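Small disclaimer: the values here were computed from a predicted structure and weren't measured.
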Amino acid sequence: LAARAVEVAEGSDNPGLLALSFNLLANARILGDPRPRAAIAPLDRAARIARAAGERRALSDVSRTRDRSCSDLPPRLAQ
């Protein structure tokens with residue numbers, strides 16, 4: 001379902017929606033595989049899109065997801 005949200009958002013002209021959909025995809029991956037690397041690619045893409053479009057809310061959501069997915073790792077490994 002999260003992958004479908006990305007597909008729909010890619011067809012829209014709304015970068016905020018696209019960034020949020022990649023964040024949703026990252027959250028779905030975290031639920032299926034709690035290792036941080038499972039969510040890195042969609043989170044990186046969401047962050048790039050949100051920054052380029054000036055979408056603060058989407059960027060904030062991405063940051064929270066990234067923090068949550070890496071919160072139990074030592075700081076050196078969370079990067």
Side-chain angles (χ1 to χ4, degrees):
L1 190 56
R4 178 69 179 130
V6 170
E7 290 174 16
V8 170
E10 285 177 328
S12 76
D13 191 26
N14 186 333
L17 180 64
L18 184 57
L20 290 172
S21 68
F22 274 109
N23 190 52
L24 177 66
L25 180 61
N27 276 302
R29 288 187 178 176
I30 290 167
L31 290 174
D33 184 355
R35 294 174 296 178
R37 79 179 88 158
I40 289 174
L43 286 174
D44 287 347
R45 186 146 181 216
R48 280 193 305 274
I49 292 166
R51 276 192 199 102
E55 292 285 341
R56 292 181 184 180
R57 177 179 167 233
L59 191 55
S60 176
D61 288 351
V62 169
S63 294
R64 280 194 302 270
T65 300
R66 190 180 305 270
D67 289 345
R68 190 173 51 247
S69 70
C70 298
S71 64
D72 57 344
L73 292 176
R76 192 178 88 241
L77 296 177
Q79 301 173 1

Looking at [X] and [Y], what are the two nearest heavy atoms and their distance?
X     : Y     : value
Val62 : Asn23 : CA-OD1, 3.6 Å
Ala2  : Leu25 : CB-CA, 3.7 Å
Ala50 : Ala58 : CB-CB, 4.0 Å

Under 4.0 Å between a Lys/Arg side-chain N and an Asp/Glu carboxylate O for Arg45 and Glu10?
yes
Is any NZ, NE, NH1 or NH2 atom of the basic residue among Asp44 and Arg66 found under 4.0 Å from an Asp or Glu carboxylate oxygen of the other?
yes
Nearest 0.5 Å, what's the CZ-CG distance between Arg29 and Leu43?
9.5 Å
Atom pair OG1/CG of Thr65 and Leu24 - distance to nearest 0.5 Å
9.5 Å
Criterion side chain to side chain contact (heavy atoms under 4.5 Å, CB included) on Val6 and Phe22, from CA distance to verdict
CA-CA 6 Å; Val6 170; Phe22 274 109; 3.6 Å; yes
Hey, are the side chains of Ile49 and Glu55 touching, using non-hydrogen atoms and a 4.5 Å cut-off?
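Contact flag for Ile49/Glu55 side chains = no.
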With no hydrogens and no angle check, do the side chains of Arg64 and Ser60 hold a donor and an acceptor under 3.5 Å apart?
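Present: a donor and an acceptor within the cut-off.
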